[in-house]
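Predicted, not measured: the structure shown is a model, and the values here were computed from it. Every chain is numbered from 1, with letters handed out A, B, ... down the list of sequences.
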Amino acid sequence: MPYDPATSEPRWQAAWDEAGSFRAVRDERPKYYVLEMFPYPSGRIHMGHVRNYTMGDVVARFKRAQGFSVLHPMGWDAFGMPAENAAMESGGHPRDWTYANIATMKEQLKPLGLSLDWSREFATCDDDYVAQQQALFLDMLEAGLVTRKQATVNWDPVDMTVLANEQVIDGKGWRSNAPVERRELTQWFFRISDYSDELLEALDGLEGWPEKVRLMQANWIGRSRGLQFRFDTVGAPEGFETIEVYTTRPDTLLGANFVAISPDHPLAKKLAEGDPRLIAFAEEARKTGTSEEAIETGEKLGLDTGLKVRHPLDPSWELPVWVANFVLMDYGTGALFGSPGHDQRDHDFSRKYGLPIRATFGELGMDTAAADALVADGPFVPPKTDRVTYVRGFAGPTEMTGGDAVDHAIAFAEKQGWGEGVTKYRLRDWGISRQRYWGCPIPVVHCHACGTVPEARERLPVLLPLDVSFDRAGNPLDRHPTWAATTCPRCGADARRETDTMDTFVDSSWYYARFTAPHAATPTDPAEADYWMNVDQYIGGIEHAILHLLYSRFFARAMVKTGHLPESASEPFDALFTQGMVTHEIYLTRDERGRPVYHLPESVTDGRLADGTAVEVIPSAKMSKSKKNVVDPVDIVTRLGADTARWFMLSDSPPERDVEWTAAGAEAANRFLARVWRLADEAKEGGDDPELIRAAHRAIAEVTKTIEGFAFNRAVAKIYELANTVSRSNAGGEARREVLRIMARLMAPMVPHLAEEVWAKAGGEGLVVDAPWPEADPALLADDDVTLPVQVNGKRRGEVRVPKTMSPAEIEAMVLADDSVGRFLDGRTPKKVVVVPGRIVNVVV
RNA sequence: GCGGGCGUGGUGGAACGGUAGACACAAGCGACUUAAAAUCGCUAGGGCUGAGCCCGUGCGGGUUCGAGUCCCGCCGCCCGCACCA
């Protein structure tokens with residue numbers, strides 16, 4: 001009988017279903033919660049999903065076999081812009097579009113045979129999830145975790161709508177193509193910046209997280225120690241006697257050559273009143289998008305206001321005040337001083353506008369002239385830990401590190417009373433207001449008499465109206481004829497609902513907690529949360545390293561504060577793994593104008609189209625519909641089976657790196673699985689093979705270790721080795737079946753359907769999904785002799801085989817007596833012999 | 001621009017600071033077959049007058065008995081930059 005996943009895979013899935021194998025239950029076993037980042041229901045699953053969920057499934061099944069009670073749920077991150085865009089483009093309703101997509105994707109996911117507890121499934125757009133999230137919001141409001149303030153948004157003046165950063169392309173609206181403007185709106189915020197210090201400090205405890213993610217978060221939070229002080233202005237309008245600035249490099253104060261303020265700074269607005277040049281400049285400056293990227297990469301522009309400030313260290317020294325487009329009102333004080341000798345941006349700006357550039361410090365031992373020469377063409381920015389010579393220092397010794405110089409400068413300013421040392425954070429409060437329809441309504445009412453009033457709990461949930469249209473731009477909630485009309489929960493007078501909905505990051509900031517009790521009438525059930533939290537292993541893309549994970553860490557703390565999670569769940573994810581993308585070659589030809597024409601993988605054979613035209617190949621590109629380099633998992637599963645797709649996703653590439661999908665690789669994975677199937681199918685007669693059983697136990701040890709270390713590609717390689725050993729072995733009968741049963745259990749987390757087949761054929765009892773993980777017998781792993789490579793001056797020249805127990809001195813004597821080593825000594829006496837027991841011998845001459 | 005990461009044969013990759021290239025793909029050769037597919041076996045980093053030697057982990061330096069691995073400086077690619085999810 002040939003290997004036929006199309007018939008066997010559904011059979012085993014039905015068997016698991018019937019046995020309720022993946023229902024998460026609280027019992028006497030230790031619990032293990034494995035979670036993969038839930039998908040956005042875009043319409044179809046893609047290979048990235050297959051990879052992500054296969055990895056999670058390997059962990060879930062492995063832990064299950066190791067005797068854990070496993071929680072492995074699935075849901076849908078279902079609010080968001082694409083649903084509204086679809087409604088705008090092809091009519092229909094975002095809700096229908098979303099639920100239809102969920103149905104399709106669930107259909108597509110099921111045949112993968114993932115060990116998911118589908119009874120816990122939910123979508124964040126479910127009325128119930130909305131209700132619980134609104135309850136959470138009200139709790140957070142009461143707990144003082146919510147605030148309202150002004151924020152800057154991208155405004156499309158033609159479509160009269162707020163744009164997301166990704167909808168701003170080169171400073172223009174994606175649909176209208178009109179230049180985008182920055183606008184101030186009053187918005188709802190979560191006070192995440194109150195937790196800056198805690199979120200930073202707690203990173204140290206996240207030992208199960210990749211170091212790079214912890215570093216990125218630390219840099220994002222951006223704690224800095226600096227000096228805050230005021231420049232006295234000369235002849236400024238009344239009320240602007242000083243300009244407040246914050247700097248992390250007060251040690252460079254004597255290199256200052258200008259002060260720059262934001263176009264939105266109150267002083268800039270005041271000065272603009274009588275100055276058309278300034279008005280025009282500010283208008284132009286506001287035409288950059290709001291993203292930091294756009295501002296930092298855009299051209300740095302400035303305008304001299306003509307106003308001067310006095311240098312705090314020398315009142316006779318006056319610095320010009322410029323308005324600059326790269327200074328944002330949202331950051332710090334909205335004003336800064338330029339230090340061109342030691343900052344790239346200030347250097348560029350100074351060169352562009354012909355401002356003098358002076359060094360504050362130079363390399364050790366430099367004098368003033370040498371230091372000035374050093375920074376003439378580019379800034380000198382050594383690490384703050386390097387010792388440098390201050391040629392224009394004003395506090396502390398001449399030679400010191402930048403870090404020490406900052407401390408001296410702060411102490412000096414404080415002593416003289418013109419500035420204060422301040423700790424600041426880069427992290428800003430989390431703006432959650434969205435002027436969009438397809439999101440969770442913010443449960444708040446605006447009353448003429450009472451102001452902003454939380455919605456009454458008994459009137460929750462505030463659900464979205466269904467009778468909306470998307471034929472016009474703008475927020476359908478805002479223009480709905482009746483929806484916003486309500487009464488004030490406090491005074492009963494006519495009032496208007498908040499029409500902003502929540503950022504979808506809110507939805508994904510607590511779904512992991514909801515999975516512990518998805519049907520509870522409160523956001524969580526304390527007993528369930530207490531049992532299942534924390535997530536033992538979280539798996540998802542590195543692109544979420546900062547925002548989603550930081551927001552989730554904040555939200556967990558907010559849920560602890562509001563009594564929805566136990567204190568121990570403040571850090572919700574014990575371990576994090578970030579997996580790479582699935583890529584595929586892009587095939588293209590050129591049209592008569594040289595523009596690329598993309599071709600689907602299935603229309604390309606051996607680098608040519610059906611008509612023989614050769615195609616250009618771009619390797620390892622992110623899968624994207626527009627580039628036509630997308631492989632549909634459904635096709636693969638239909639043609640080759642779920643196990644093949646899973647096996648291929650796990651082989652070859654390390655999970656944290658990108659993997660390239662190749663048809664040849666998929667075929668090869670399928671061939672291997674068919675070979676394993678045949679190995680199990682042939683009932684070979686024969687005797688024992690001690691080497692085979694040793695190989696099997698070595699494989700147990702290796703596969704266990706590699707799965708634990710998330711090195712699935714190496715686990716796969718070990719299973720290949722074991723299969724090769726089985727093929728070559730003459731063992732038969734029960735001796736062979738025993739090894740096949742070991743192999744079935746080792747493969748079960750990765751290719752669970754085939755593993756059931758092998759298990760059954762090899763006489764395994766019950767389902768392999770219920771079989772305990774095999775344990776390696778230490779007696780079978782030991783090897784008495786080792787082969788030691790022998791180097792002469794670091795180059796490998798031979799090897800010796802010695803008993804493991806041999807002493808270094810004996811090994812040294814043996815090596816020196818060895819001919820193959822002697823040849824390279826040329827009669828010279830070894831200066832030194834390095835013997836690393838069990839590893840290597842190096843003879844130095 | 002700023003922050004983070006990655007870079008090893010034709011390809012994906014393996015390698016506690018200790019034999020670079022495990023395992024696989026593609027390729028070539030052979031067996032089986034009327035033939036092909038499938039399957040099985042063998043070869044395989046590059047170079048040189050084959051057992052041997054030299055060179056080789058993006059580039060340039062450094063530390064070390066020994067560096068793909070650690071340090072410094074470049075180059076290239078990827079991720080993030082707060083309203084994509």
Side-chain angles (χ1 to χ4, degrees), chain A residues 2 37-40 42 77 79-82 151 153-154 162-168 187 192 210-213 215-220 222 289-298 300 326 330 344-345 348 426-436 503-505 507-508 541-548 550-551 578 580-581 583 619-620 622 651-654 656-660 662 664-665 667-669 671-672 674-675 678 711 713-714 716-721 724 727 787-799 831-834 836 838-845:
Chain A
M37 290 179 186
F38 65 165
Y40 178 79
S42 55
D77 189 13
F79 277 132
M81 290 201 308
V153 297
N154 300 305
V162 177
L163 297 178
N165 283 335
E166 72 155 9
Q167 296 173 318
V168 179
Q187 308 258 291
I192 188 172
E211 191 54 41
K212 60 179 170 183
V213 175
L215 231 190
M216 280 191 262
Q217 292 218 349
N219 288 339
W220 184 264
T290 58
S291 79
E292 187 180 310
E293 188 187 1
I295 290 156
E296 288 292 322
T297 54
K300 314 287 186 296
F326 57 84
D330 304 18
Q344 186 69 52
R345 189 180 58 187
D348 294 346
R426 207 184 74 97
L427 181 65
R428 308 197 301 259
D429 277 336
W430 172 14
I432 60 156
S433 283
R434 297 291 181 272
Q435 293 72 43
R436 281 184 245 290
D503 177 10
T504 56
F505 272 126
D507 312 339
S508 55
I542 185 69
E543 66 272 21
H544 295 292
I546 295 174
L547 292 179
H548 163 61
L550 192 61
Y551 291 154
T578 57
M581 292 184 303
T583 63
S620 309
K622 187 175 185 168
S651 353
D652 293 352
S653 286
E656 67 277 13
R657 239 191 269 181
D658 291 352
V659 62
E660 179 138 57
T662 63
E667 300 286 348
R671 278 203 302 275
F672 174 73
R675 197 175 130 218
R678 284 196 303 276
N713 55 321
R714 281 156 61 203
V716 165
K718 291 300 163 194
I719 289 170
Y720 266 104
E721 273 177 15
N724 291 342
S727 293
T787 303
L788 295 183
V790 179
Q791 297 181 331
V792 177
N793 282 344
K795 281 184 198 271
R796 183 179 174 279
R797 297 303 185 182
E799 57 185 42
K831 254 191 246 167
K832 184 174 170 186
V833 179
V834 181
V836 184
R839 303 299 297 182
I840 203 165
V841 180
N842 192 9
V843 182
V844 187
V845 294

message = For a quick check of understanding: with a heavy-atom distance under 4.0 Å over all strands, which category does A/S651 fall into, base, sugar-phosphate or nothing?
response = nothing
query = Name the one of A/V153, A/N165, A/I295, A/V168 that satisfies side chain to side chain contact (heavy atoms under 4.5 Å, CB included) with A/T290?
reply = A/N165
query = NA contact type, A/P210, heavy-atom cut-off 4.0 Å: base, sugar-phosphate, or nothing?
reply = nothing
inquiry  = Checking understanding here: a glycosidic angle within 90° of 0 is syn, the rest anti, so what is B/rA82?
reply    = anti
task = Look through every strand shown and name the nucleotide pairing with B/rG9 as Watson-Crick or G-U wobble, where both distances are under 3.5 Å.
result = none
task = Compare every heavy atom of A/G80 with every heavy atom of A/Y40, then report the nearest pair and how far apart it is.
result = OH-O, 4.1 Å
remark   = A/Q167 atom CD is separated from B/rA82 atom P, nearest whole Å, by 14 Å
query = When all nucleic acid strands are considered with a 4.0 Å heavy-atom cut-off, which category describes A/G298: base, sugar-phosphate, or nothing?
reply = nothing
request  = For A/Q435, answer base if it contacts any base atom (sugar-phosphate contacts may also be present), sugar-phosphate if it contacts only those atoms, and nothing otherwise; contact means non-hydrogen atoms under 4.0 Å.
outcome  = base
key: Listed nucleotide nearest any side-chain atom of A/R657, set B/rC81, B/rG13, B/rC84   = B/rG13
inquiry  = I need the OH-C1' distance between A/Y551 and B/rG80, as an integer number of Å.
reply    = 12 Å
key: Pairwise P distance, B/rG1 and B/rC74 [rounded to whole Å]   = 13 Å
query = Is the shortest side-chain N to carboxylate O distance from A/K212 to A/E656 below 4.0 Å?
reply = no
ask   = Atom CH2 of A/W220 to atom P of B/rA82: distance rounded to whole Å?
value = 6 Å
inquiry  = Just verifying a value: how many Å separate A/N724 CG and A/F672 CZ, rounded to the nearest 0.5 Å?
reply    = 7.0 Å
task = Rounded off to whole Å, could you give me the CG-to-P distance for the A/D652 and B/rC23 pair?
result = 13 Å
request  = Give the minimum heavy-atom separation between A/P210 and A/T578, together with the two atoms involved.
outcome  = CG-OG1, 4.4 Å
ask   = Nearest to the side chain of A/E296 - B/rA85, B/rG1, B/rC40?
value = B/rG1
task = Select from A/D658 and A/R428 the residue whose nearest nucleotide in RNA chain B is closer to the 5' end of that strand.
result = A/D658
task = Among the candidates B/rA14, B/rU19, B/rC79, find the nucleotide nearest to the side-chain atoms of A/I542.
result = B/rC79
task = Determine the interatomic distance between P on B/rA22 and the same-named atom on B/rU8; round to the nearest Å.
result = 16 Å
query = Given B/rA38, B/rC84, B/rC54, which nucleotide is nearest the side-chain atoms of A/E166?
reply = B/rC84
query = So what does A/R797 touch, heavy atoms closer than 4.0 Å: a base, only the sugar-phosphate, or nothing?
reply = sugar-phosphate
ask   = Taking for each residue the nucleotide of RNA chain B with the nearest heavy atom, is it A/S727 or A/G794 whose nucleotide lies nearer the 5' end?
value = A/S727
key: Of the listed nucleotides B/rA15, B/rC65, B/rU19, the one nearest the side chain of A/R714   = B/rA15
message = Could you check whether the side chain of A/N219 and the base of B/rG3 have a donor-acceptor pair of N or O atoms closer than 3.5 Å, going by distance alone?
response = no
Rounded interatomic separation in angstrom, taking CD1 from A/I295 and C1' from B/rG3 = 16 Å
ask   = NZ of A/K795 versus C1' of B/rA67: gap in Å, rounded?
value = 14 Å
key: Closest heavy-atom pair and its distance - A/V213, A/A545   = CG1-O, 3.6 Å
message = Work out how far the P atom of B/rC72 is from that of B/rG21, and round it to whole angstrom.
response = 29 Å
query = Touch check for A/N724, heavy atoms < 4.0 angstrom, all strands: base, sugar-phosphate only, or nothing?
reply = sugar-phosphate
query = Using the C1' atom in both, what is the distance from B/rC42 to B/rC55, to the nearest Å?
reply = 28 Å
inquiry  = Taking the C1' atom in each of B/rC6 and B/rG12, what is the distance between them to the nearest angstrom?
reply    = 15 Å
task = Using only side-chain N and O atoms of A/R671, determine if any of them is under 4.0 Å from OP1 or OP2 of B/rA26.
result = yes
inquiry  = Categorize A/F505 for me: base, sugar-phosphate, or nothing, with a 4.0 angstrom heavy-atom threshold over every strand shown.
reply    = base
remark   = Atom CZ of A/R839 and atom C1' of B/rU69 are separated, to the nearest Å, by 13 Å
request  = Could you please name the partner base of B/rG28, counting Watson-Crick and G-U wobble pairs only when both distances are under 3.5 Å?
outcome  = B/rC42
request  = Could you please name the option among B/rC65, B/rG4, B/rA82 that lies closest to any side-chain atom of A/K832?
outcome  = B/rC65
message = Once you apply a heavy-atom cut-off of 4.0 Å, does A/V716 come out as touching a base, just sugar-phosphate, or nothing?
response = nothing
task = Sticking with atom C1', work out how far B/rC59 lies from B/rG68, rounded to a whole angstrom.
result = 15 Å
C1' atoms of B/rA67 and B/rA15, separation to the nearest Å = 13 Å
task = Considering just the side-chain nitrogens and oxygens of A/S653, establish if one lies under 4.0 Å of OP1 or OP2 belonging to B/rG12.
result = no
message = Need one value for A/H544: base, sugar-phosphate or nothing, where a base atom within 4.0 Å counts as base even if backbone is also close, heavy atoms only.
response = base
Spacing of A/R657 atom CZ and A/D652 atom CG [to the nearest 0.5 Å] = 12.0 Å
ask   = When all nucleic acid strands are considered with a 4.0 Å heavy-atom cut-off, which category describes A/V162: base, sugar-phosphate, or nothing?
value = base
key: Short side-chain N/O contact to B/rG66 OP1/OP2 from A/N793, under 4.0 Å   = no
task = Could you check which of B/rC25, B/rU19, B/rG5 has an atom nearest any side-chain atom of A/A664?
result = B/rC25
message = Counting the atoms with a prime plus P, OP1 and OP2 as sugar-phosphate, which does A/T662 contact under 4.0 Å by heavy atoms, base, sugar-phosphate, or nothing?
response = nothing
key: Rounded interatomic separation in angstrom, taking CD from A/E667 and P from B/rC25   = 12 Å
remark   = Under a 3.5 Å limit on both distances, the Watson-Crick or wobble mate of B/rC2 is B/rG80
query = What does A/E211 touch in the nucleic acid at a heavy-atom separation under 4.0 angstrom: a base, only the sugar-phosphate, or nothing?
reply = nothing
remark   = As its Watson-Crick or G-U partner within any shown strand, both distances under 3.5 Å, B/rA36 has none
task = Taking only the side-chain heavy atoms of A/E721 (C-beta and beyond), determine which of B/rG1, B/rU39, B/rA22 contains the nearest atom.
result = B/rA22
key: Atom C1', compared across B/rU57 and B/rU11: separation rounded to whole Å   = 16 Å
A/N165 side chain, from C-beta outward: closest of B/rA24, B/rC40, B/rC84 = B/rC84
request  = Give A/N842 one of three labels, base, sugar-phosphate or nothing, depending on what nucleic acid heavy atoms sit under 4.0 Å from its own.
outcome  = base
request  = Mind telling me whether A/Y551 and A/F505 have parallel, tilted or perpendicular rings, with 30° and 60° as the class edges?
outcome  = perpendicular
key: CD1 on A/I542 to CE on A/M216, rounded to 0.5 Å   = 4.0 Å
key: Closest to side chain of A/Q791, choosing from B/rA15, B/rA24, B/rU19   = B/rU19
inquiry  = So A/W430, base contact, sugar-phosphate only, or nothing? Heavy-atom distance under 4.0 Å.
reply    = nothing
ask   = Does OP1 or OP2 of B/rC40 have a side-chain N or O of A/R675 closer than 4.0 Å?
value = yes
request  = Have a look at B/rG17 and give me syn or anti from its glycosidic angle (syn if within 90° of zero).
outcome  = anti
